[in-house]
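Below is one structure, written out as structure tokens, with a few remarks after it.
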Protein chains: 2
Amino acid sequence: MTDQELAFMERFKIGEMTVEPGTPLLSEGANSPQIFTALSGFGLRFKMLPDGRRQVLSMIFPGDLIGLQAGVMREMTHNIEATTAMKLCVFNRNELWSLYKTHPSRAYDLTWIASSEERFLGEALTAIGQKSAMESLAWALSRVFRRLEALDMLEGNSVPLPYRQQDLADALGLSLVHTNKTLAKLRERQIASWADGRLSVSDLEQLEEIGLVEGGPPPARPLM
Amino acid sequence: MTDQELAFMERFKIGEMTVEPGTPLLSEGANSPQIFTALSGFGLRFKMLPDGRRQVLSMIFPGDLIGLQAGVMREMTHNIEATTAMKLCVFNRNELWSLYKTHPSRAYDLTWIASSEERFLGEALTAIGQKSAMESLAWALSRVFRRLEALDMLEGNSVPLPYRQQDLADALGLSLVHTNKTLAKLRERQIASWADGRLSVSDLEQLEEIGLVEGGPPPARPLM
DNA sequence: CGTGCCATTGAGCCGGTTCAAAGCCGGTGG
DNA sequence: CCACCGGCTTTGAACCGGCTCAATGGCACG
């Protein structure tokens, strides 16, 4: 970054913030003045239905930008919650527009990020809409594994994955019971095993094959 | 627009183009040098699985931007096809970056569009993942109706909707048969009826209630 | 030592799927 | 002018993947 960019980021960045597990960061309908970047910890992005059903849209990992929607549109259309303790970098939404005027390459990155999230949701939609429970699950696990691997969180053959089975079930539109049973099958077949907040994958290739994962690692994400 | 903007758009816009029904506009994996805006006609955005299953991601209506993903990322991750004859405005992808440098407000619009599409996919994911067939269908029909209404295509109580039931089924992750039977129920209940390429809604309020649609009309979309 | 959250497992059921067949066009060629 | 064909919609019937209900067990915490 240039000096000028640094100076701008100084103004754009408000500060840092640490939150407890379970803290709601942004809520549906809110018009928050803040945008965050996750520095550490894990979170969930989800939508609720009036009767309590929940759709998890994505898991939030370190490096992810949070609240771009609220930044660029009027208001938030989904909720964001910290699953573990999280450290966040806080940005001032009001400076977003001046970023577009003065730092086009950063602006371009933002479009890239939004576009990349759209791409992910398209994949998720395809998984939920078309794939069987086993296929979706394998898709989700391999996707998560690849991303955490790219974040350099791989230790041995396992990555941290501190969520409940209910969270994954809500992400895949499956029931908790069926998610549990399908996970058990993957474990029995010695392909992948998720316990105690860690996901171990012993046969990634087969996992991706089951999940009908289309080639290639996920694209690298510019940091904001 | 200012003169300067007009001059730029002149360079950015390559020309116009008309395509036949069924023409593929962009394909998965392609790295197309073009970005389009639909001027008239209808299209589909979808992903295919290796075994032929298809997930429709969204319907493309006049005014929609096509191919932003290919523009901003390396390559396309879904297919786009013209359902009816379409008239398109063609832009030069290579000028995209200079747009960011010289026209920040247009750049902002692009992020807005990408973000808005992400928002839509999140809603779709929630419909497919959590809602019953009847709920999803009502959601989809009311969504489509609202959008076409906003495009000023409402005549009487009906809007054009020139797709096959199979297309809608693939969008909602339902079988063709069940989609048909669920549509029949909405027709019997005198709520909405879709035939001969037109969707008539006689009780929009009830349709949105069944579909668990959260308030408000969809946000207006900046034209590119 | 109780209490609550989460994972696990069994049993029965149901919303939605698959299979199959028939009806309804509009287009085409004889 | 009519017979035929292909794409789409409609309807009936049987089946099944995944859901719901229910109970148990492990573990952390007060």
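Predicted, not measured: the structure shown is a model, and the values here were computed from it. Within every chain, numbering begins at 1; the chains are lettered A, B, ... in the order of the sequence lines, protein sequences first and strands thereafter. Side-chain atoms are counted along with the backbone in the values below, which use heavy atoms only and exclude waters and symmetry mates.
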Under the criterion side chain to side chain contact (heavy atoms under 4.5 Å, CB included), which of A/I14, A/L96, A/T37 is the partner of A/F91?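 In the set A/I14, A/L96, A/T37, the residue that makes a side chain to side chain contact (heavy atoms under 4.5 Å, CB included) with A/F91 is A/T37.
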
Measure the angle between the two terminal helix axes of the helix from C/dC1-D/dG30 to C/dG30-D/dC1, five base pairs each, and quote it to 10°.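 Roughly 30° between the end axes, to the nearest 10°.
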
Which heavy atom in B/L137 sits nearest to a heavy atom in B/L183, and how many Å separate them?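 Shortest heavy-atom contact: CD2-N, 3.7 Å.
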
Which two nucleotides bound the region of DNA chain C that has atoms under 4.0 Å from heavy atoms of chain A, read 5' to 3'?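 Nucleotide range in contact with chain A: C/dC6 to C/dA11.
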
If the sugar-phosphate is the primed atoms plus P, OP1 and OP2 and the base is the rest, what is the B/S/- string for nucleotides 10-26 of chain D, using protein heavy atoms under 4.0 Å? BBBB----BSBB-----

Do A/L212 and A/K131 have side chains that get closer than 4.5 Å, going by heavy atoms?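 Yes, their side chains come closer than 4.5 Å.
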
Flag the pair A/Q55 / A/D170 as yes when at least one side-chain heavy-atom distance between them is below 4.5 Å, and no otherwise.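 SC-SC contact between A/Q55 and A/D170 ruled out.
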
Side chain to side chain contact (heavy atoms under 4.5 Å, CB included) for B/F46 and B/E81? Distances and angles first, verdict last. CA-CA 8 Å; B/F46 63 93; B/E81 195 175 293; 3.8 Å; yes

Please determine if A/E135 and B/R53 form a salt bridge, counting it only when a charged side-chain N lies under 4.0 Å from a carboxylate O. yes

Count the heavy atoms of every other residue, nucleotide or ligand shown that sit under 6.0 Å from CG of A/D51, and state whether that count exceeds 12. yes

Exercise: do B/S193 and B/S200 side chains pair donor with acceptor under 3.5 Å: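 No, no side-chain donor-acceptor contact under 3.5 Å.
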
Distance-only side-chain donor-acceptor flag, B/N31 / B/R93, under 3.5 Å: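 A pair is found: one side chain offers a donor N or O, the other an acceptor, under 3.5 Å apart.
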
Parallel, tilted or perpendicular for B/Y163 and B/F61, by the 30°/60° rule?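 Aromatic pair B/Y163/B/F61 classed tilted.
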
